[in-house]
*Asks:* 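My questions all concern the structure below.
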Amino acid sequence: MEKRNIAISLPSTGEEEWQAAREPLMTGWLTQGPKVAAFEEAFAKRHQVPHALAVTSCTTGLHLALAGLDIGPGDEVIVPTFTWIATANVVLYCGATPVFVDIDPLTYNLDISQVAAKVTDKTRAVIAVHLFGRCLDIDALRAVLPAQVAIIEDAACAAGADWKGRPAGSLGDAAAFSFHPRKSVTTGEGGMVTTSNPELAERMNQLRSHGASLSEEQRHLGPRPYLLPEFNLLGFNYRMTDLQGAIGLVQLGKLDGFIDERARWAQYYCEQLADIDWLRLPTTPQGSRHGWQAFVTYIDPQKAPMPRNDMMEILQAKGISTRPGTHAVHMLAYYRERFGLKPEDFPGARDCNDHTMAIPLHNRMSEEDYAYVVEAIRQLR
Ligand SMILES: *Cc1c(COP(=O)(O)O)cnc(C)c1O
């Protein structure tokens with residue numbers, strides 16, 4: 001076969017996004033304004049949740065959710081240890097303590113059976129990651145948690161995904177999404193935080209913009225030129241620009257089409273690669289919709305003809321980009337050293353850290369590209 005170059009992921013943006021970004025530039029309304037408001041409204045509607053607030057990233061969205069719940073020093077937050085580092089970092093931003101729980105290597109998500117043993121009277125929340133777009137069973141998680149422990153969905157990879165018909169973002173007490181170019185819809189950088197709780201939404205809204213709120217005087221008297229907002233909270237500046245809001249609105253309109261296309265090709269990979277005994281393929285639970293942010297395989301080290309890294313090098317030489325699924329946070333230097341963690345502390349996460357391989361799946365691949373990837377993997381022996 002003739003050599004191709006296939007990226008692990010490519011954003012699908014173009015003329016429509018370019019045109020959408022023109023309007024804010026022409027009117028001069030550049031930061032959070034009407035386009036962000038329209039994007040938030042459409043996003044909330046699509047994910048069946050009453051409140052959606054656009055932010056600068058999923059990371060800042062998760063930080064807002066924790067700060068909105070007033071989580072701080074002395075508090076513990078449970079996080080899975082196979083996830084992007086940001087899931088754990090946000091807990092430290094608040095001065096709280098991340099408590100790691102291993103994952104289930106078959107789903108790449110939190111091993112719910114190990115959660116109860118990690119709950120203490122300091123546990124304030126669990127960050128439930130829907131890794132690679134596969135939703136965690138939030139009902140099963142809720143069942144093992146005391147009622148006062150909040151569930152925050154890390155839905156970075158899960159825009160448009162659902163669990164038994166209920167969309168990601170509507171499953172927990174709050175959720176954060178990412179619009180980084182590696183995710184299925186993008187605004188360059190960007191994120192969205194959702195909740196059904198109106199008080200939490202109002203607190204996160206204030207925290208997003210320096211802690212600003214309208215004072216009682218302003219509420220009663222209406223705008224007065226000499227009055228600035230009230231500041232009762234230590235806030236941040238996590239506002240999204242209106243240029244991004246305009247782009248996000250266009251991208252959101254394409255989300256379901258993007259996922260449907262990815263799901264078809266994920267199915268193709270599963271059919272074409274099913275008979276390779278050393279390759280484990282990702283699964284979708286019956287009745288739920290995978291977001292297919294990534295297609296992550298597991299290379300069985302007992303059966304594989306060569307180590308994963310050798311396979312990745314061979315595929316790279318053929319022009320096919322691959323990546324490890326993600327990393328085990330407890331094996332990263334900062335966490336390893338600060339908390340004295342060892343790789344064997346979380347064997348499921350270590351296993352996935354060492355043996356997963358994401359293969360290309362995105363909306364700018366052709367039929368020939370997919371066939372080329374399949375052929376190259378079948379030749380690994
Ligand atoms: C991408 C990702 C993040 C971070 O998203 P940003 O928008 O880049 O901050 C957090 N958690 C998970 C699971 C991710 O995949």
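When a ligand or atom number is given, it counts from 1 through the structure's own listing order.
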*Asks:* Who pairs with Asp275 by salt bridge (Lys or Arg N to Asp or Glu O under 4.0 Å), at least two apart in sequence or on another chain?
*Replies:*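 Expected list: Arg378.
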*Asks:* Would you tabulate the polar-atom pairs, meaning N/O of ligand 1 against N/O of the protein, with distances under 3.5 Å, reported to 0.1 Å?
*Replies:*
residue, atom, partner, partner atom, Å
ligand 1, 5 (O), Ser178, OG, 3.4
ligand 1, 7 (O), Cys58, N, 2.9
ligand 1, 7 (O), Ser178, OG, 2.7
ligand 1, 9 (O), Cys58, N, 3.4
ligand 1, 9 (O), Thr59, N, 3.0
ligand 1, 9 (O), Thr59, OG1, 2.5
ligand 1, 11 (N), Asp154, OD1, 3.3
ligand 1, 11 (N), Asp154, OD2, 2.8
ligand 1, 15 (O), Lys183, NZ, 2.7

*Asks:* How about Arg208 and Asn205: does a side-chain donor come under 3.5 Å of a side-chain acceptor?
*Replies:*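 There is such a pair (donor and acceptor under 3.5 Å, judged by atom type) between the side chains of Arg208 and Asn205.
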*Asks:* With side chain to side chain donor-acceptor pair (under 3.5 Å) as the test, would you mind laying out the steps for Asn89 and Tyr334 before giving the verdict?
*Replies:* CA-CA 10 Å; Asn89 283 350; Tyr334 184 80; over 6 Å; no
*Asks:* Taking ring pair (Phe, Tyr, Trp, His ring centres under 6.0 Å) as the cut-off, I'd like each qualifying pair that reaches into residues 121-173, sequence neighbours left out, listed once.
*Replies:*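 Counting only pairs at least two positions apart or across chains, the ring pair (Phe, Tyr, Trp, His ring centres under 6.0 Å) contacts touching residues 121-173 are Tyr108-Phe132.
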*Asks:* Going by side chain to side chain donor-acceptor pair (under 3.5 Å), name the residues that satisfy it together with Gln114, two or more places apart in sequence or in a different chain.
*Replies:*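 If we apply the side chain to side chain donor-acceptor pair (under 3.5 Å) test to Gln114, skipping adjacent residues, the hits are Asp111.
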*Asks:* In Å, rounded to the nearest 0.5 Å, how long is the span from CZ of Arg182 to CZ of Arg323?
*Replies:*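 Arg182 atom CZ to Arg323 atom CZ measures 6.5 Å (nearest 0.5 Å).
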